[in-house]
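So you know, we letter chains A, B, ... as the sequences are listed, proteins then strands, and number each from 1.
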Amino acid sequence: MNDNTTPYITLRNVNFSYELEEGVKLSALKNINLDIYKGEFVAVLGHNGSGKSTLAKLLNMILTPDSGTIIVDGKDITSKDMTEDDVFDVRRHVGMVFQNPDNQLVATIVEEDIAFGCENLGIPPKEIRQRVDDALKTVGMTEFARHEPHQLSGGQKQRIAIAGIIAMLPDTIIFDESTAMLDPAGRDEVMKTISSLNRDRGITVLHITHNMSEAIEADRVIVINDGEVYMDGTPAEVFSQVEKLKSVGLDVPQVTELIWRLKKLGCPVSADALSPEAAAEALLPLLKV
Amino acid sequence: MLKEITLGQFFPGSSPLHKTDPRAKIILTLIYIVGIFTAKNVFAFLFVILFTLFLVAISKIPLKIILKGMKPIIYVIAFTAVINIFWTKGETPLFEFGIIRVYPEGLKFAGLMIIRIIALLAGTGVVLTYTTSPIALTDGLERLLAPLKKLKMPVHEFSMMMTIALRFIPTLIEETDKIMSAQKARGADFSQGSLINRAKALIPVMIPLFVSAFRRADDLAVAMECRCYRGDIGRTRMTELHMKPLDWLMVLVFMIFIAGIILLNIFAPGFSI
């Protein structure tokens with residue numbers, strides 16, 4: 001869905017390191033160059049400690065890079081003359097949803113929590129009400145508006161966290177392993193919400209995940225390994241390089257693995273299937289023989 | 001096992017007192033307290049009692065709940081009553097027993113004290129604590145104290161802290177439960193042994209709980225920053241509080257209450273106590 005030719009987010013030669021103690025630095029990102037276009041659904045894969053969460057935190061100025069340039073929506077967010085207002089403007093445009101749903105809800109009532117971001121932006125009360133109702137509808141939680149967060153399931157809480165970001169009307173939402181702590185049902189709910197945001201609202205999505213089957217749903221997969229961009233392409237392109245992924249200890253989706261193994265055994269399988277349906281289609285002719 | 005803990009004494013409902021603006025209720029509670037302590041004669045006292053019963057009735061809070069809420073205070077009431085009985089000096093003692101002399105004034109003071117304390121607890125309970133959710137209370141307080149922001153008082157910060165504390169109490173209770181189960185599975189015993197041993201057994205629960213609370217605080221701080229939080233600067237609120245006709249009616253009712261007490265104090269001086 002790269003309908004724009006100018007990238008929405010650009011990273012050029014970005015380096016970042018954490019200072020462990022005086023003088024001891026741990027390099028987290030090395031010379032990153034990336035272009036992300038408006039409306040893209042990008043999955044970011046990588047190990048724990050590969051630097052993928054660090055990458056996310058650079059994009060909304062929770063962290064600032066040691067060197068390099070980051071441009072968001074035509075604005076250089078690494079420039080020295082960024083004022084506090086500019087920082088908050090970037091954060092309004094690039095929302096972020098985290099891993100633990102419990103640790104990102106602020107208020108004791110669902111709708112009050114969704115309103116929190118808008119309240120911080122100083123939006124007039126009537127418009128906040130409108131936005132909160134819209135956001136609740138978008139994530140399908142309207143009937144829970146007056147509930148307390150601790151009465152909700154993990155998936156529901158995560159949808160509330162998403163609604164809180166949507167209400168700020170961002171162009172891009174970064175999901176930092178937002179499905180990692182959820183059960184399969186909750187994961188499903190959240191993934192549906194994420195893809196509908198991308199499809200129906202044209203929101204650019206950066207989905208950081210460990211889960212390969214979630215990465216398949218993206219338009220583009222970026223693999224980060226050891227602080228560097230290791231692979232970048234469509235899910236089909238990335239997951240067809242099974243050996244390259246395995247060499248850095250990453251898995252491929254189960255069906256891709258199955259077909260890859262069959263191929264290795266000399267089976268004449270044609271496609272690099274990503275979904276179970278596609279795999280079934282590819283395997284069916286073989287079974288009929 | 002920790003699930004039954006309820007926050008404060010809030011008793012959800014839809015009575016007029018539940019619906020009254022929290023700011024108004026905080027002020028009305030103060031007026032009510034002043035009223036109780038200005039009552040000076042029998043009629044004024046009867047009026048206080050009647051008014052308190054009226055508040056209890058319109059709050060629709062079951063009497064049982066209110067009485068239950070007073071249980072912990074019974075000893076305090078009894079203790080102050082006893083002190084009042086024995087230590088108040090009057091003209092002629094009612095009876096003497098060794099060095100103990102009981103005067104009729106003492107009995108009277110003790111009686112009035114008991115009525116005042118009970119009325120105070122019941123009245124402030126039904127106006128404020130039973131009918132106002134903790135979050136509405138915090139919100140009302142923040143808005144009432146808003147003028148103090150001009151004096152650089154951290155009113156907003158305080159209310160934010162309260163809100164977050166209220167938000168995380170159930171989360172931390174749940175977590176305590178989990179940690180206790182985990183420690184039990186490792187052989188910890190929380191229900192036997194001397195008090196000191198039981199307190200010691202809680203250390204392996206408290207430490208992980210604190211560590212996790214700090215981690216949560218860190219996560220929450222980042223999440224709040226991502227949602228453009230920067231304190232009170234340029235912040236608006238979704239729900240605005242406006243005084244509704246019901247709120248003004250409540251104010252009127254309390255005005256009548258305080259006026260009634262003053263009038264009874266003035267016009268029935270013969271019965272003063």
CA sep, side-chain torsions, deciding dist, call: Val106(A), Arg227(B), side-chain contact (heavy atoms from CB on, under 4.5 Å): CA-CA 10 Å; Val106(A) 184; Arg227(B) 289 167 79 182; 4.3 Å; yes
Please check this pair: side chain of Arg167(B) against backbone of Leu105(A), looking for a donor-acceptor N/O pair closer than 3.5 Å. yes
Which is it for Asp219(B) and Gln104(A) under the side-chain contact (heavy atoms from CB on, under 4.5 Å) test, yes or no, and what are the steps along the way? CA-CA 7 Å; Asp219(B) 280 1; Gln104(A) 47 188 324; over 6 Å; no
Glu225(B) versus chain A, heavy atoms under 4.5 Å apart: side chain, backbone, both or neither? both
Check each atom of Leu121(A) against the heavy atoms of chain B and say whether the ones under 4.5 Å are side chain, backbone, both or neither. both
Hey, does Phe168(B) have a side-chain heavy atom less than 4.5 Å from the side chain of Asn103(A)? yes
I need the residue from Leu220(B), Val222(B), Ile233(B) with the largest number of non-hydrogen atom pairs under 4.5 Å to chain A. Leu220(B)
Is Asn60(A) close to chain B through its backbone or its side chain, or both, or neither, when contacts mean heavy atoms under 4.5 Å? side chain
Could you check if a side-chain atom of Glu112(A) sits within less than 4.5 angstrom of a side-chain atom of Thr239(B), using non-hydrogen atoms only? yes
Leu63(A) versus chain B, the contacting section by heavy-atom distance below 4.5 Å: neither
Heavy-atom distance under 4.5 Å to chain B: side chain of Phe98(A), backbone, both or neither? side chain
Closest non-hydrogen contact found for Asn120(A) with Cys228(B) is CB-O, 3.2 Å
Does any heavy atom of chain B fall under 4.5 Å from the side chain of Glu111(A), the backbone, both, or neither of them? both
Given the options Ile123(A), Val87(A), Asp102(A), which has more heavy-atom pairs under 4.5 Å with chain B than any of the others? Asp102(A)
Report yes if some heavy atom in the side chain of Asp85(A) is under 4.5 Å from a heavy atom in the side chain of Arg230(B); otherwise report no. yes
Is it the side chain or the backbone of Thr163(B) that comes within 4.5 Å of chain A heavy atoms, both, or neither? both
Measure distances from Asp89(A) to the heavy atoms of chain B and classify the residue's part below 4.5 Å as side chain, backbone, both or neither. neither
